[in-house]
Amino acid sequence: MGGREDGPGLRDRLRSLPARHRTFLERALAAVPGVEGVVGLAAGGSFIAGEIDAFSDLDLVLAVEPEAWPAILDRRQAVAAALDPSFLAGFTGEHVGEPRLLVCLYGPPLLHVDLKFVSLDDVHERVEDPVILWERDGRLSAAFARAEARYPAADPAWIEARFWIWAHYIADKIERGEIFEALDGLTLLRAAALAPLAFLRAGAHATGVRRVEDRLPAFATDLQRTVGGVDAAACAGALEAAVGLYTELRAADDQGSDGAMSDVECKIRNYVAGLRDRLQLRDRDA
């Protein structure tokens, strides 16, 4: 369940933060008890592990009375400004599939803060155990106690069902000359397939490629080969590298597999392997 920090423990935690983060949280903690309908404030993300640095954002959960939640959503920007008067702008999180989220910018000095407004009825459904900074009558602690946090692990079968179709799509865009679309596709392979499998193998939580340089430095070096450049040949090499790296990661994850290659995989491997020759033929005939 979520941990509760107050008294000396919370003060020590706040003192360890960069000045901008500390100032924001001190203001928010002073203001949040006066926000009608809010019954708890918790901090997630890098705050949990004490890893906040000057470049970190703050991930905050505001627990809201169920009957007040619809109205709170309608006045999220006002609540954000009430927490800290340096509020500059904010937008909702539909782009990441989380409409309850308000992505905020405060400053100066500039600070990114994610405010997620969650009904007390739903707050137990979570991917991590945030640190409770403030709550009314222990209600957020009680809500967290209803269920364990469940972080979504990478699903190798889900990735396998998509990887080869993605690879074919990227190969076609390279051959057509849609280089920026191909680069976007390579980014998808890293974020949705390669990095999640690498973190899974390491027994660590993953959010795309976030912090991969710090947490998996050897893998990050391998990943460099999948980045590509703004030309077809470089993208073709990056796609080949992505296929090779995926093969290695999948082999490390396979347990009890007979290693048989599916018909789709066989066809796409051959298609990608022939990409350089097709590019050379195209350029020669141009």
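Keep in mind the model is a prediction, meaning the values are calculated, not measured.
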Interatomic spacing from [atom1] in [X] to [atom2] in [Y] - rounded to 0.5 Å:
X      : Y      : atom1 : atom2 : result
Cys104 : Leu83  : SG    : CG    : 8.5 Å
Phe163 : His168 : CZ    : NE2   : 14.0 Å
Arg100 : Leu115 : CZ    : CG    : 13.5 Å
Leu183 : Leu188 : CG    : CG    : 12.5 Å
Phe47  : Leu58  : CZ    : CG    : 8.0 Å
Leu102 : Leu73  : CG    : CG    : 10.0 Å

Should [X] and [Y] count as side-chain neighbours, where that means a heavy-atom distance under 4.5 Å?
X      : Y      : answer
Val64  : Leu120 : no
Leu41  : Leu29  : yes
Arg20  : Ser86  : yes
Leu140 : Val123 : yes
Val227 : Leu186 : no
Leu14  : Arg11  : no
Phe117 : Val79  : yes
Arg269 : Met261 : yes

Note to self: Within the 3.5 Å criterion, strictly below it, is a donor on Glu51 or Ser56 matched to an acceptor on the partner's side chain?
What the structure shows: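 No, no side-chain donor-acceptor pair sits under 3.5 Å.
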
Check: Without hydrogens or angle criteria, can the side chains of Asp114 and His112 be said to hold a donor-acceptor pair below 3.5 Å?
Finding: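 A pair is found: one side chain offers a donor N or O, the other an acceptor, under 3.5 Å apart.
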
Same cluster for [X] and [Y] if Ile/Leu/Val/Met/Phe/Trp/Tyr side chains link at under 4.5 Å?
X      : Y      : value
Val118 : Val103 : no
Val61  : Leu101 : no
Leu62  : Phe91  : no
Leu281 : Tyr271 : no
Ile159 : Val264 : yes

Next item on the list: Give me the other members of the hydrophobic cluster that Leu88 sits in, counting Ile, Leu, Val, Met, Phe, Trp and Tyr linked by side-chain heavy atoms under 4.5 Å, directly or via other members.
Entry: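 Traced through the cluster, Leu88 reaches Leu105, Leu110.
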
Check: By the rule that ILVMFWY residues connect when side-chain heavy atoms come within less than 4.5 angstrom, directly or transitively, which residues belong alongside Val127?
Finding: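 For the cluster that includes Val127, the remaining residues are Tyr151.
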
Item checked: Within residues 26-49 or reaching into it, pairs that qualify as side chain to side chain donor-acceptor pair (under 3.5 Å) - sequence neighbours excluded ->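 For residues 26-49, and leaving out neighbouring residues, the side chain to side chain donor-acceptor pair (under 3.5 Å) pairs sorted by first residue read Arg27-Asp84.
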
Check: How would you list all residue pairs meeting side chain to side chain donor-acceptor pair (under 3.5 Å) that involve residues 64-81, not counting sequence neighbours?
Finding: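 Sorted pair list: Glu65-Arg139.
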
Can you see which heavy atom on [X] is nearest to which on [Y], and at what distance?
X      : Y      : value
Ala182 : Ile170 : O-CG2, 4.0 Å
Ala193 : Trp166 : CB-CZ3, 4.5 Å
Leu200 : Pro156 : CD2-CG, 3.9 Å

[X] side-chain N/O to [Y] backbone N/O, donor-acceptor pair under 3.5 Å:
X      : Y      : value
Arg150 : Arg126 : no
Arg146 : Ala142 : no
Thr207 : Arg210 : no
Glu128 : Ala149 : no
Asn270 : Cys266 : yes

Check: Taking it one step at a time, do Leu60 and Lys116 satisfy side chain to side chain contact (heavy atoms under 4.5 Å, CB included)?
Finding: CA-CA 6 Å; Leu60 301 181; Lys116 186 160 70 172; over 6 Å; no

Notebook entry, point to check: Restricting to pairs with a member in residues 12-41, which pass ring-ring contact (aromatic ring centres under 6.0 Å, His included), not counting sequence neighbours?
Noted result: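 Of all non-adjacent pairs touching residues 12-41, those that pass ring-ring contact (aromatic ring centres under 6.0 Å, His included) are Phe24-Tyr106.
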
Notebook entry, point to check: Ion pair present between Asp263 and Lys267, side-chain N to carboxylate O less than 4.0 angstrom?
Noted result: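 The answer is yes: the pair qualifies as a salt bridge.
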
Check: Charged N to carboxylate O below 4.0 Å: is that the case for Arg250 and Glu160?
Finding: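 Between Glu160 and Arg250 there is a salt bridge, with a charged N closer than 4.0 Å to a carboxylate O.
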
Checklist line | Residue pair Asp231, Ile179: steps toward the side chain to side chain contact (heavy atoms under 4.5 Å, CB included) verdict | finding: CA-CA 6 Å; Asp231 65 81; Ile179 301 305; 5.9 Å; no

Check: Got more than 12 heavy atoms from elsewhere within 6.0 Å of CZ, Arg176?
Finding: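 Count not over threshold, so no.
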
Note to self: Is there a side-chain hydrogen bond (donor to acceptor under 3.5 Å, both in side chains) between Arg13 and Ser16? Walk through the geometry before answering.
What the structure shows: CA-CA 5 Å; Arg13 177 83 76 124; Ser16 72; 5.9 Å; no

Kindly write out the residues that satisfy side-chain hydrogen bond (donor to acceptor under 3.5 Å, both in side chains) with [X], not counting sequence neighbours, or none if the list is empty.
X      : value
Glu240 : Arg276
His205 : none
Glu181 : Tyr169
Thr92  : Glu94

Next item on the list: Could you go through the side chain to side chain contact (heavy atoms under 4.5 Å, CB included) check for Asp57 and Asp59 one step at a time?
Entry: CA-CA 7 Å; Asp57 56 11; Asp59 299 302; 3.8 Å; yes

Check: Given the rule in the side chain to side chain contact (heavy atoms under 4.5 Å, CB included) test, do Val209 and Phe219 qualify, once you have shown the distances and angles that lead to the verdict?
Finding: CA-CA 11 Å; Val209 296; Phe219 171 72; over 6 Å; no

Next item on the list: Taking salt bridge (Lys or Arg N to Asp or Glu O under 4.0 Å) as the test, write out the residues that go with Asp137, two or more places apart.
Entry: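 Asp137 satisfies salt bridge (Lys or Arg N to Asp or Glu O under 4.0 Å) with no other residue.
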
Check: Residues in salt bridge (Lys or Arg N to Asp or Glu O under 4.0 Å) with Arg22, at least two apart?
Finding: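 Arg22 satisfies salt bridge (Lys or Arg N to Asp or Glu O under 4.0 Å) with no other residue.
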
Item checked: Residue list, ring pair (Phe, Tyr, Trp, His ring centres under 6.0 Å) with Trp164, at least two apart or on another chain ->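 Here the qualifying residues are Tyr246.
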
